[in-house]
Amino acid sequence: MPFEKVETQQVDFPALERAVLALWQRIEAFEKLREKNRTGPRWSFLDGPITANNPMGVHHAWGRTYKDAFQRYHAMNGKQLRYQNGFDCQGLWVEVEVEKELKLKSKRDIENLVPGDAFASIDHFVQQCQQRVDKFARVQTEQSIRLGYWMDWDRGEDWAKPAGERRSYFTMSEENNYSIWSFLKKCHNRGLVYRGYDAMPWCPRCSVGLSQMEMAEGYQLVAHRAVFVRFPLRGRVGENLLVWTTTPWTLSSNVAAAVNPELTYLKVLHKEQIFYLAKGAFTAQRLEEQWKKKEWVEGVPKLTTLEQHFKSKGGYEIVGEVKGADMIGWTYDGPFDELPAAREAAARHRVIAWKDVGETEGTGIVHIAPGCGKEDFHLGKAEGLPSVAPLDEYGVFQPGFGELTGKAAVDHSTTDWILENLQQKGVLFAVEKYPHSYPHCWRCKTELLFRLVEEWFIDMKWRDEIKRVVEQVTFLPESINGKARELDWLTNMGDWMISKKRFWGLALPIWVDEQTGDFEVIGSLEELKERAVEGWEKFEGHTPHRPWIDLVKIKNPKTGNKMSRIPDVGNPWLDAGIVPYSTMFYNRDRTDWEKWFPADFITESFPGQFRNWFYAILAMSTMMENRPPMKTLLGHALVRDQWDRPMHKSAGNSIPFEGAADEGYDLKDPKGKVGHYPPLGADLCRWMYSRHNPANNLDFGPEPAEELRGKFILKLWNVYGFFCNYARLDSFDPSAPSVPMSERTDLDRWILSDLQGLIRTARTAFENYNLMAFCLEAERFVDDKLSNWYVRRSRRRFWKSEHGTDKQAAYQTLYTVLMTLAKLFAPIVPFLTETIYQNLRTADQPESIHLCDYPTVDEALVDAELSDEMNFLLSLVSLGLSARNSAKIKVRQPLAEIKVLAGADSEERAAVERFGDQLREELNVKKVTLHDPEWGPLLTPEVKPNVKTLGPKFGSRLKQVVSAIAGADAAYLAAKVRASDTTELTLDGDSIQLEPADLVVSMKAEEGWFGIVSGDAQVVLDTRITEELAREGMARDVVRQVQEQRKEANLQMEDRITLFLGTESEKLRLSLDSHRDYIAAETLTVEWSPQSLTGDAVHRATVKVDGQALNIELKSSRLK
RNA sequence: GCGGGUAUAGCUCAGUUGGCUAGAGCGCAGCUCUGAUAAAGCUGAGGUCCUUGGUUCGAAUCCAAGUACCCGCACCA
């Protein structure tokens, strides 16, 4: 079976990949792989669900490459796998996109989609969400297939099935939702589910409260107008508290003012009024650090101290001090006491104590609005103060707030109105722009505000149980210390807010008796059916989503009252967190579940996940079974652009997956210039991801990609092409009997030995989830060892015309190496390796490389000694080339001799003896001599003064110092320098000190030789070029020029020629005459023409060899 | 503020349990090679392995402190 010719110019890798996809489909490669491993031992991978809300980007491909690579590796080792991909379906992110599509602006719009019919509206909206998920799940499926990700993907007819019956798992499936119900039931049985009334972070656009996890995502540095306002004290005429706030709208709901009892407060007299404020706050350089570090909002001036505020407003006088503790209980007039809603609070304004009040920001007196802040709420509760809740779910002032009613809290104009109003009342002391990090909705970027709401929580007081489970999991990569991060989160996290006042999501199975406040958690569909007293018929047949599930009512066994489901949907991390149970059908077949649980491996991008998915699966699994859901977790960092900036569609620096894989893409550089780039193909992306350190962000883009293509993909491809293109000419038969190792060359046995090392590295790397270690080693193997040494040194063995054992050995060796490499790399670059394999395989080998076994180490081929010796040889070659380079003699010019002084190591000497021929050829010398140390040194040190350093030290005495150095024993000085010792010299009776840097040591060889030293090894080259050597050098030049002309003449590699060489130069003629046979052999000349050739088919050129003109005329001898 | 991590060439990064003269790629400079050929290779310059102290025969590696950056948590008026 002949090999296909391999194109090595302009290879279209994406096209080859598409051909491989077609091949896989045609031969049903994936199905055959599953069948082959059907009864194998299990390897359980659990996919973290990808949000099916948009097309996948290149950043998703990192994790998916890992997922695929490890699965393929284990499959090649005969393991049985689940191959189940997951889609995350429910939640606000989908809702927001659907809102955009439908051009809806608020929750109100959603409920009015079908005018006047909230039920139908919600039903429609929920269906739209579901359809969006289906749409993008399909898109992502296609993209993943193109990436080469082998999963049990849904195909045509599968998409018509309910979500729960498809091949991939969908978190919107009934199985998933009801599994969460059983989790919540377990929590409830332990009394952990509770209803909380609290000031919660709230997004006024989405009309939804945010959990602690979500809060963390959305902090942004923004500047707000902060105000200093005075609260006149009651019963202390002319005296005021000075308070400060960055959210003026909350003043409308002021109830109290807090001071730190421990702090000292100043009485500042200003314009006949007394102002109280903390002593430390008066002169504090506010945000000094941030200003210095440039953590600032552009255009915002530097903050001034409070003292400066007073100065600039007409001066001040400090007239006394008072302890914070002594201020407790004072009463004051609030800024908006005239509002009806503030009536109750107005009567009770007083100064309260709060130990957390500081004096580095603000005034040391904190305005407390229990309806507008978490701390405020808890303080108010503790102090028995009323709460004023000013905002509705859209962040708009409710009735009772006078002119504020109907205004949105975060509107600029609302703040304007408030400031003006305070000004009119004469209580506004100062306004400033204040930059600070403020929470925003992570989804829609709207500024959050705090609102008093009722939400549902899981009490996380059982966090220690989760921690014990976490202890059993291996977190990788080690350097990011994932376990510590997870434990840290578990220590600090608050209770889990599981409710969302939205539409598309898990229906929280909480039914409430509104009259008594009793509530129940339903744990399954069956339980609900049993308990249902109303609405079941209408609900039956629907998925447990709004609005249908809301129709079902149950009865409170205590009171007989009807109980209704709370309208809230669930936090989406519940959806993703239950998948170790739901996707393995925990509630359906516990035995089967046990076979796959816990997962051997999960991998996701780590930023955020320690409080999201990792947290959710760990917490939920602890509650369900008190067991870790996975054994090993591999996290990876983020994909950035090639300039290390975050990728953003809007910045023009994100790369769509299709662009990277097939279509090419545009990219805007930091200067704003847009460039168009060709596609990379999936394998190149996969290799980029696999070779990268998962702990570090990856800078993805055309430049790093090109670099890798050049140094790895193309190198491998060129070697493969080299092999095939010669093997087909020679009709090499891979199934012919193998040449015994004893008859193979050292070079053959060396590359095979090092190949075993690479196999070992590969296996260790895959087992330890450290692909980088393997890929970097693989690059070195392909580049340095295979391409740059083995193939280069072996080329002539392939070219020669006779078909002897040596040629067969070379073919067999390279064939083995290529086949093995293809299998080693197959899990990482499945397309390229399949292409190579398909061309190399024989009929008796499996149809696809992915049906092959992963290579194992053959200890019989390992020869550590040979590897060491070869390494030394490589360093000698490098030394020799370096010597030639320094002596300015090009490699083409042959030289008479090289002498090598090896180190004390006997292996090094052995290497010189063993590989003398290699050294001779590679360095183009006639003779290699191993120098015996007993014959004396090859090189002697020569020490020169370093006048640059000596000049400043010795000034006018420099000349004397220089001659003293010249007079000293060079070997002694050199030894001192080598030992980094100070040298002492006597100069006119004085002793002078010379530092190592004052002396420049070089190693000199005897006349006519040029030497170089590296560690213990020394190499000297005979640089004397005799007439004969010069002639030979010229002959080699002639060969090269003729070859060049062959190429110019468009001759084929194997074409024979008739050649005429004409020159006026006597030297050149002599060279030609004495090397005629050599030139003929190298250039495939079968006939020498004594005179100028004639005819159209003659290719003519005049070139220069050694400065002399040479006429080259040649023609293909076929045309004769 | 609390906790964790990192700091190696101009840039991006490797560097296994402490062990030769600390490496690669890109970039830069100078070359070479030419039947893998619109490919490839070599050589060179460039290092306070963040700083200081400690442990050790020996530290880029281990320990402590400091500095800078990154991440996580808490983020407040």
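Predicted model, so just to flag it, every value in this text is computed and none were measured. A, B, ... follow the sequence lines: proteins, then strands. Residue 1 opens every chain.
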Notebook entry, point to check: Roughly how far apart, to the nearest Å, are B/A14 and B/A29 at atom P?
Noted result: 28 Å

Next item on the list: Give A/Arg485 one of three labels, base, sugar-phosphate or nothing, depending on what nucleic acid heavy atoms sit under 4.0 Å from its own.
Entry: sugar-phosphate

Notebook entry, point to check: Base, sugar-phosphate alone, or nothing: which one does A/Val357 contact when heavy atoms must sit under 4.0 Å apart?
Noted result: base

Notebook entry, point to check: For A/Arg796, does the CZ atom sit with more than 12 other heavy atoms under 6.0 Å from it, leaving out its own atoms?
Noted result: no

Next item on the list: Please work out if A/Leu714 contacts a base, only the sugar-phosphate, or nothing of the nucleic acid, heavy-atom cut-off 4.0 Å.
Entry: nothing

Checklist line | Per A/Val366 side chain, nearest of listed nucleotides B/A77, B/C75, B/U34 | finding: B/A77

Notebook entry, point to check: Between A/His224 (NE2) and B/C76 (P), how many Å, whole number?
Noted result: 11 Å

Note to self: By the 4.0 Å heavy-atom rule, please label A/Phe723 as base, sugar-phosphate, or nothing.
What the structure shows: nothing

Next item on the list: Please work out which residues in residues 694-708 of chain A have a non-hydrogen atom less than 4.0 Å from an atom of RNA chain B and list them by number.
Entry: A/Asn696, A/Glu707

Item checked: A/Trp489 side chain, from C-beta outward: closest of B/G5, B/A74, B/G41 -> B/A74

Next item on the list: Calculate the interatomic distance between A/Asp644 atom CG and B/C71 atom P; express it in whole Å.
Entry: 11 Å

Next item on the list: Decide yes or no on ring pair (Phe, Tyr, Trp, His ring centres under 6.0 Å) for A/Phe475 and A/Phe614, but give the supporting numbers first.
Entry: CA-CA 11 Å; A/Phe475 285 76; A/Phe614 302 157; 7.2 Å; no

Check: Does A/Thr246 have a side-chain nitrogen or oxygen under 4.0 Å from the phosphate oxygens OP1 or OP2 of B/A77?
Finding: yes

Notebook entry, point to check: Which is true for A/Lys374 with a 4.0 Å heavy-atom rule: it touches a base, it touches only sugar-phosphate, or it touches nothing?
Noted result: nothing

Next item on the list: Check every strand shown and say whether A/Ser787 touches a base, only sugar-phosphate, or nothing at a heavy-atom separation below 4.0 Å.
Entry: base

Check: Say you pick atom P in B/A24 and the same atom in B/G41; how far apart are they, in whole Å?
Finding: 14 Å

Item checked: salt bridge (charged side-chain N to carboxylate O under 4.0 Å, His left out) between A/Asp783 and A/Lys711, intermediate numbers included -> CA-CA 7 Å; A/Asp783 190 357; A/Lys711 85 176 199 189; over 6 Å; no

Notebook entry, point to check: Does B/G41 have OP1 or OP2 sitting under 4.0 Å from an N or O in the side chain of A/Lys715?
Noted result: yes

Next item on the list: Evaluate whether atom CD of A/Glu7 has more than 12 neighbouring non-hydrogen atoms of other residues, nucleotides or ligands under 6.0 angstrom away.
Entry: yes

Check: If we call it a pair only when both distances are under 3.5 Å in a Watson-Crick or G-U wobble match, what pairs with B/G23?
Finding: B/C13

Next item on the list: Check whether any side-chain N or O of A/Asn254 sits under 4.0 Å from OP1 or OP2 of B/A77, and answer yes or no.
Entry: no

Next item on the list: Would you indicate what A/Gly373 reaches in the nucleic acid, counting non-hydrogen atoms under 4.0 angstrom: base, sugar-phosphate, or nothing?
Entry: nothing

Checklist line | Nearest-Å distance for atom pair CD/P, residues A/Glu7 and B/A38 | finding: 10 Å

Next item on the list: Kindly say if A/Arg795 contacts the phosphate of B/A36, meaning a side-chain N or O under 4.0 Å from OP1 or OP2.
Entry: yes

Notebook entry, point to check: With respect to the side chain of A/Asn481, which nucleotide from B/G5, B/A77, B/A36 is positioned closest?
Noted result: B/G5

Note to self: Under the criterion salt bridge (charged side-chain N to carboxylate O under 4.0 Å, His left out), I'd like the reasoning laid out for A/Glu779 against A/Lys715: C-alpha separation, chi angles, the key distance, then a yes or no.
What the structure shows: CA-CA 9 Å; A/Glu779 287 172 10; A/Lys715 283 263 173 57; over 6 Å; no

Next item on the list: Check whether more than 12 heavy atoms from other residues, nucleotides or ligands sit under 6.0 Å from atom CD of A/Glu478, and answer yes or no.
Entry: no

Next item on the list: Round to a whole Å and report the spacing from CD of A/Glu777 to C1' of B/G15.
Entry: 12 Å

Notebook entry, point to check: Taking the C1' atom of each, how far is B/G23 from B/A60, in whole Å?
Noted result: 12 Å

Notebook entry, point to check: Between atom CD in A/Gln1043 and atom P in B/A39, what is the gap in whole Å?
Noted result: 19 Å

Checklist line | 5' precedence on RNA chain B between A/Val877 and A/Tyr726 (nearest-nucleotide basis) | finding: A/Tyr726

Notebook entry, point to check: Rounded to whole angstroms, how far apart are CD1 on A/Ile352 and P on B/A77?
Noted result: 16 Å

Next item on the list: Could you tell me whether A/Arg645 and A/Asp641 have a side-chain N and a carboxylate O separated by less than 4.0 Å?
Entry: yes

Next item on the list: Have a look at A/Asn718 and say if it touches a base, only the backbone sugar-phosphate, or nothing, with a 4.0 Å heavy-atom cut-off.
Entry: base

Check: Mind checking the C1' distance from B/C50 to B/U6? Whole angstroms is fine.
Finding: 11 Å

Checklist line | Nucleotide opposite B/G30 in a Watson-Crick or G-U pair, distances under 3.5 Å | finding: B/C42

Margin query: Suppose you measure atom P in B/G15 against the same atom in B/C62; what distance do you get, rounded to whole Å?
Written below: 12 Å

Margin query: Salt bridge check, A/Arg792 against A/Glu922: does any charged N sit closer than 4.0 Å to a carboxylate O?
Written below: yes

Margin query: Counting the atoms with a prime plus P, OP1 and OP2 as sugar-phosphate, which does A/Leu776 contact under 4.0 Å by heavy atoms, base, sugar-phosphate, or nothing?
Written below: sugar-phosphate

Note to self: Please check if the number of heavy atoms outside A/Glu767 that lie under 6.0 Å from its CD is greater than 12.
What the structure shows: yes

Margin query: Mind checking if A/Asn693 touches a base, just sugar-phosphate, or nothing, with heavy atoms under 4.0 Å?
Written below: sugar-phosphate

Next item on the list: Using atom CE of A/Met215 as one end and atom P of B/C75 as the other, report the distance to the nearest whole Å.
Entry: 7 Å

Check: Which part of the nucleic acid, if any, lies within contact of A/Asp783, taking any heavy atom under 4.0 Å across all strands shown: a base, the sugar-phosphate backbone alone, or nothing?
Finding: sugar-phosphate

Check: Paired with B/U55: which nucleotide, if any, by Watson-Crick or G-U wobble criteria at under 3.5 Å for both distances?
Finding: none

Check: Between A/Arg463 (side chain) and A/Met493 (backbone), is there a donor-acceptor pair under 3.5 Å?
Finding: yes

Next item on the list: Give one of base, sugar-phosphate or nothing for A/His436, where a contact means two heavy atoms less than 4.0 Å apart.
Entry: sugar-phosphate

Next item on the list: State the pairing partner of B/A68; accept Watson-Crick or G-U wobble contacts with both distances under 3.5 Å, and report none otherwise.
Entry: B/U6

Next item on the list: Report the residue (A/Ile480 or A/Thr1083) whose heavy-atom-nearest nucleotide on RNA chain B is the more 5′ of the two.
Entry: A/Ile480

Check: NZ of A/Lys711 versus C1' of B/G25: gap in Å, rounded?
Finding: 4 Å

Check: Looking at B/A77, does its base get a donor-acceptor pair with the side chain of A/Thr363 below 3.5 Å?
Finding: no

Next item on the list: Indicate yes or no: does A/Glu486 engage A/Lys483 in a salt bridge with an N to O separation below 4.0 Å.
Entry: no

Check: Say you pick atom P in B/C26 and the same atom in B/C63; how far apart are they, in whole Å?
Finding: 35 Å

Item checked: Nearest listed nucleotide, side chain of A/Met772, among B/A77, B/A36, B/G15 -> B/G15

Margin query: The side chain of A/Pro439 is closest to which nucleotide in this list: B/A36, B/U34, B/C76?
Written below: B/C76

Checklist line | P-based separation of B/G27 from B/C11 [nearest Å] | finding: 16 Å

Item checked: Short N-O contact, A/Arg1036 and A/Glu1082, less than 4.0 angstrom -> no

Margin query: Measuring only the C1' atom in each nucleotide, how far is B/C13 from B/G53? A whole number of Å is fine.
Written below: 29 Å

Next item on the list: Measure from the side chain of A/Asp488, starting at C-beta and using heavy atoms only, and say which of B/A77, B/G72, B/A36 lies closest.
Entry: B/G72

